[in-house]
Number of protein chains: 2
Amino acid sequence: MVVSRRGAPSRAPRGLSKTPDHRILVGDCVNEMSKLPAGSVDLIFADPPYNLQLASDLKRPDDSHVDAVTDDWDKFASFAAYDAFTKEWLTACRRVLKPAGTIWVIGSYHNIFRVGAIMQDMGFWILNDVIWRKTNPMPNFRGRRFTNAHETMIWASRDPNAKGYTFNYEALKAGNDDIQVRSDWTFPLCTGSERLKGADGKKLHPTQKPEALLARVILSSSKPGDLVLDPFNGTGTTGAVAKKLGRRYIGLEREKKYASAAEKRIADVEVVPSPSIAPFMTAREAPRVAFASLIERGLVSPGAKLTDSKKRHKAIVRADGAISVGETVGSIHRVGALVQGLDACNGWSFWHVETPKGLMSIDDLRAQVRSEMALLEAAE
Amino acid sequence: MVVSRRGAPSRAPRGLSKTPDHRILVGDCVNEMSKLPAGSVDLIFADPPYNLQLASDLKRPDDSHVDAVTDDWDKFASFAAYDAFTKEWLTACRRVLKPAGTIWVIGSYHNIFRVGAIMQDMGFWILNDVIWRKTNPMPNFRGRRFTNAHETMIWASRDPNAKGYTFNYEALKAGNDDIQVRSDWTFPLCTGSERLKGADGKKLHPTQKPEALLARVILSSSKPGDLVLDPFNGTGTTGAVAKKLGRRYIGLEREKKYASAAEKRIADVEVVPSPSIAPFMTAREAPRVAFASLIERGLVSPGAKLTDSKKRHKAIVRADGAISVGETVGSIHRVGALVQGLDACNGWSFWHVETPKGLMSIDDLRAQVRSEMALLEAAE
DNA sequence: CGACCCTCTGAATCACGTT
DNA sequence: CAACGTGATTCAGAGGGTC
């Protein structure tokens, strides 16, 4: 069972749960989503169909059928049909998404501009557009355009100014040689043994995405135990990677052929060892330690002298946990800002104290307190 | 005299012409375009306001202020207002464009989806979307998103199935080591001496584009002697590059300050004797390979054990590309430094992994990825 | 003159919990 | 719900000064 390190499991224990952790529902995605509870999904990944043939299976806003894409008029008619289709499934997605959930949509220039504009109009808030750079794109045979070597993903929160969405910044950065991950990602196409084949030995699905792409999506914007939904399940890449990474999954798929292939695929997936995906404590999430508690624990004495690392500024520690420079009294942050003439300052990293081992930042002393606290908690 | 490559001069001989080859018209771009003859322009490059929306100011971690775009021209009341503005200038552009002319529009995720959808609705036909990958983007200071490291350009013809638009495929390919030019281009920001400065020594314009970007746009989709138009002239980068490459130019600019600076700039430009493409097709950078990509490519598994060459230290590989020793999680470099009690460590040479061929440094695995990438690129 | 260090800056939708 | 206080957070490159 996947458990967050700091508290309750994010789902019911397996024995009590009536629904499996990974399931594919066969049917129209809008219809299937209508049966799911609102605000229940942590992360959505959607790879909607975007060729005009598929759009032609859809209906115009006036409910008439679009039956051909042969002439220009119908090309524009199918834009309208495509927009209506897009609004419909995005509306259903927005309903099932948790307030702090986020959604990824992938597309090419044929559809991504329409999708992006509609998402903005619906109230989604774009966090990033991310480019998948293909290392091995299909060349442009006729030499009339640039090689179409990328696809675009939109990553958005449900609402403007959504608070608390998941972005595993520190882990991503650590996996990227300590440099923050950019909005352009480079991956090869899904080929070789990863590509699902039909009975005829041909590729089963025309747009199967590489697992590496999904892995970065899921690792960046969800936590173990989270519920991931893919309204256009296809070969189940999202589900396979979600399971591998310890996330729960619901895939929606209209065609039984794909649904059953995906089910087999997901069933065969083994979950990676849990330590390799366990959440870890980031600086942001670390428990608060007041400066006063350093004094209470005897790590800093009232009356001690604080300086910055270059000893340009001095402050005196008060018994109450405030510090003073001349007549000025305030928190480590406020006084640190004041002496530097800045609006803000992180007092923990700015101020240092002389110790037998040399000058030490009070942040290092705080780390001592935190590790003591962790030991105490473990002993409980 | 500048002539079209394939025959007749594309304009009147200089002695008879009343209009200069390179000019800037001061005024609202829609109004100014209404005075130009229909179907007279070969290529449009447009860098419209992006409609950036956050008013609150952003600071770097060192508390310095980020000089963002806060100009009035980038303020719109709503998406609807921005859409109306976009439709207006695009309509004017479409009128002045020749039937075989093409248009480029650059933007970011704030506006490009709206612009693209409107272009499609108006009947423009998208030929490519092209990504400008910035080598040196501004980082994400708060660590809440991916580094916004690219902008998107839409390249479109006036009509669906437009015949005879200019695309200098062979020349581009020849200038790119005989490989088709892809839809993702890598260039640095416009900085240093190329960046126009005001009297105060600060940047004159907040959004000046690099000349290398415009050079590739103009070289790819226009011919010498062609008329290039930029409805949002700004500092005149489009005009300067157009002149350098032997194209004619009309720039439209509302603010006199920018118009006069651009006029001086363009006047100083010398036309290159025979436009050669090679200098603009910058070499591809050596690919940077992150530790996470070894996992993504299956060379290292999540949960695998890393050791140093003498097997004194052990670490576990996480799915996200970080590694862990006990409760400690971090990059290969940071954790390598920690276990050795050092300030720094090159994780690539320090950590090894057990393979069928014996203990192998992860640096050797990285070399494998690099050679695979080189092979794939060469095979394009 | 090079090596090294410090400073500055670039189209950016860049917290969050408590009171 | 607004105001407030704490405190977490950056990459590449240009340019200038010093040793």
Side-chain angles (χ1 to χ4, degrees), chain A residues 100 120 124-129 155-157 160-165 167 169-170 173 176-183 282-291 310 321 330-334 336-337 343-351 362-363 366, chain B residues 47-71 73-76 79 82 106-112 132 134-152 188-195 197 201-203 205-210 232 234 285 288:
Chain A
Q120 289 182 313
F124 286 106
W125 196 245
I126 299 180
L127 299 168
N128 278 114
D129 58 337
W155 180 42
S157 61
N161 312 315
K163 303 276 180 232
Y165 62 86
F167 180 55
Y169 173 79
E170 293 82 2
K173 185 175 169 181
N176 192 41
D177 285 21
D178 289 325
I179 293 169
Q180 55 180 217
V181 174
R182 300 167 38 115
S183 58
T282 64
R284 260 182 255 268
E285 295 165 328
R288 290 200 160 214
V289 174
F291 181 61
K310 293 181 181 169
S331 72
I332 50 175
H333 312 296
R334 201 98 333 266
D343 287 342
C345 162
N346 182 339
W348 289 108
S349 47
F350 181 72
W351 293 111
I362 58 176
D363 200 32
R366 180 173 61 166
Chain B
D47 184 9
Y50 286 10
N51 194 21
L52 300 182
Q53 289 177 20
L54 257 208
S56 69
D57 69 335
L58 179 65
K59 291 187 164 178
R60 299 188 177 79
D62 65 3
D63 207 45
S64 64
H65 176 76
V66 175
D67 185 18
V69 179
T70 51
D71 308 62
W73 50 254
D74 198 42
K75 295 208 192 314
F76 294 86
F79 282 139
Y82 186 80
I106 186 167
S108 67
Y109 66 83
H110 310 85
N111 70 324
I112 199 65
W132 168 28
K134 303 175 183 181
T135 57
N136 50 350
M138 185 163 356
N140 185 290
F141 296 117
R142 307 299 290 264
R144 297 297 296 148
R145 304 179 177 200
F146 298 98
T147 309
N148 201 353
H150 74 274
E151 292 187 26
T152 301
L189 296 171
C190 178
T191 58
S193 59
E194 189 186 317
R195 188 94 196 211
K197 306 291 193 301
K202 302 271 184 186
K203 61 187 175 189
H205 192 280
T207 72
Q208 186 179 340
K209 297 290 177 288
F232 304 99
E285 7 167 63
R288 225 178 56 80

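Labels below follow one simple rule: chain letters A, B, ... track the order of the sequence lines, proteins then strands, and each chain is numbered from 1.
- Between C:dA12 and D:dG7, the distance separating the two P atoms is 30 Å to the nearest Å.
- OP1 and OP2 of D:dA8 both lie 4.0 Å or more from every side-chain N or O belonging to B:R142.
- Comparing D:dT10 with C:dC8, their C1' atoms sit 13 Å apart, to the nearest whole Å.
- Within 3.5 Å, a donor on the side chain of B:K209 pairs with an acceptor on the base of C:dA11, or the reverse.
- Straight-line distance from the CG atom of A:N346 to the C1' atom of C:dC16: 15 Å, rounded to whole Å.
- Base-pair partner of D:dA8: not found among the strands shown (Watson-Crick or G-U wobble, both distances under 3.5 Å).
- Comparing B:P188 and A:G347 by the nucleotide of DNA chain D whose heavy atom lies nearest to each, the residue mapping closer to the 5' end is A:G347.
- The side chain of B:Y50 approaches C:dA11 more closely than any other nucleotide in the set C:dA11, D:dC11, D:dG15.
- B:S108 comes within 4.0 angstrom of nothing in the nucleic acid, heavy atoms only.
- C:dC1 and D:dT18: their C1' atoms are spaced 13 Å apart (whole Å).
- Closest to the side chain of A:E170, from the set D:dA14, D:dT10, D:dT9, is D:dT9.
- Taking only side-chain atoms of B:V66, from C-beta outward, the nucleotide of D:dG13, D:dG7, C:dA12 with the closest atom is C:dA12.
- Straight-line distance from the CD atom of A:E285 to the C1' atom of D:dT9: 15 Å, rounded to whole Å.
- Between A:S331 and D:dT6 there is a side-chain polar atom (N or O) within less than 4.0 angstrom of OP1 or OP2.
- Nearest nucleotide to the side chain of A:A283, out of D:dT9, D:dG7, C:dA11: D:dT9.
- Closest to the side chain of B:D62, from the set C:dA11, C:dG10, D:dT10, is D:dT10.
- Checking B:N148 against A:R182 by side-chain atom types alone, no donor-acceptor pair falls below 3.5 Å.
- Put simply, the residue from B:T70, B:D74, B:D71 that forms a side-chain contact (heavy atoms from CB on, under 4.5 Å) with B:L52 is B:D74.
- Nucleic acid contact class of A:I126 (heavy atoms, under 4.0 Å, all strands): base.
- Comparing C:dG10, C:dA11, D:dT9 by their closest approach to the side chain of B:L52 singles out C:dA11.
- Under the Watson-Crick or G-U wobble criterion, with both distances below 3.5 Å, C:dG2 is paired with D:dC19.
- The shortest distance between the side-chain N/O atoms of B:K202 and the OP1/OP2 oxygens of C:dT9 is below 4.0 Å.
- For the pair B:K75 and B:W73, the cation-pi criterion (under 6.0 Å, within 45° of the ring axis) is not fulfilled.
- Base engagement by B:P49 is indicated by at least one non-hydrogen atom pair under 4.0 Å involving a base atom.
- When heavy atoms are screened at a 4.0 angstrom cut-off, B:S193 is found touching the sugar-phosphate backbone but no base atom.
- Aromatic ring centroids of A:F291 and A:W351 lie 6.0 Å or more apart.
- The interatomic distance linking B:M138 (CE) with D:dC11 (P) rounds to 13 Å, in whole Å.
- Not one side-chain nitrogen or oxygen of A:K163 sits closer than 4.0 Å to the OP1 or OP2 atom of C:dA15.
- Which of D:dA12, D:dG7, C:dA11 sits closest to the side chain of A:W348 comes down to D:dG7.
- As judged by a 4.0 angstrom heavy-atom cut-off over every strand, B:N148 is placed among residues touching the sugar-phosphate backbone only.
- One atom, CZ of B:F141, and another, C1' of D:dA8, lie 14 Å apart when rounded to the nearest Å.
- When the C1' atom is used for both C:dC16 and D:dC1, the distance is 15 Å, rounded to whole Å.
- For B:H110, taking side-chain heavy atoms from C-beta onward, the closest of the listed nucleotides C:dA11, C:dA12, C:dT9 is C:dA12.
- Among the atoms of the strands shown, only primed sugar atoms or phosphate atoms (P, OP1, OP2) are found under 4.0 Å from some heavy atom of B:K203.
- Here the NE2 atom belonging to B:H150 is positioned 8.5 Å from the CG atom belonging to A:N128, to the nearest 0.5 angstrom.
- Shortest non-hydrogen contact noted between A:I126 and B:R145 is O-NH1, 3.6 Å.
- Residue side chain A:R334 does not reach the base of D:dG7 through any donor-acceptor N/O pair under 3.5 Å, judged by distance alone.
- Nearest to the side chain of A:I179, among D:dT9, C:dA11, D:dA12, sits D:dA12.
- Using a 3.5 Å distance cut-off with no hydrogens or angles, the side chains of B:S108 and B:H110 do pair a donor with an acceptor.
- Contacts of B:P210 with the nucleic acid, taken as non-hydrogen atoms under 4.0 Å apart, are absent.
- In this structure, A:H333 does not reach the D:dT6 phosphate: none of its side-chain N or O atoms is under 4.0 Å from OP1 or OP2.
- Ring pair A:Y165/A:W155: centre-to-centre distance below 6.0 Å.
- Within the structure, a side-chain polar atom (N or O) of B:R144 is placed less than 4.0 Å from OP1 or OP2 of C:dC16.
- In summary, the side chains of B:R195 and B:T191 do not present any donor paired with an acceptor at a separation below 3.5 Å, with no hydrogens or angles considered.
- Taking atom CZ of B:R60 as the reference point, atom P of C:dC6 lies 18 Å away to the nearest angstrom.
- In this entry C:dA11 has no Watson-Crick or G-U wobble partner, no candidate having both defining distances under 3.5 Å.
- Within the structure, a side-chain polar atom (N or O) of A:Y169 is placed less than 4.0 Å from OP1 or OP2 of D:dT10.
- Taking atom CZ on B:R288 and atom P on D:dC11, their separation rounds to 10 Å, with Å as the unit.
- For B:L189, counting side-chain heavy atoms from C-beta on, the closest listed nucleotide (C:dA12, C:dA11, D:dC11) is C:dA11.
- The CH2-P distance, from A:W125 to C:dA12, rounds to 16 Å in whole Å.
- Across all strands shown, B:D47 has heavy atoms under 4.0 Å from base atoms, whether or not it also approaches the sugar-phosphate.
- As a whole-Å value, the separation of B:R145 CZ from C:dA15 P is 8 Å.
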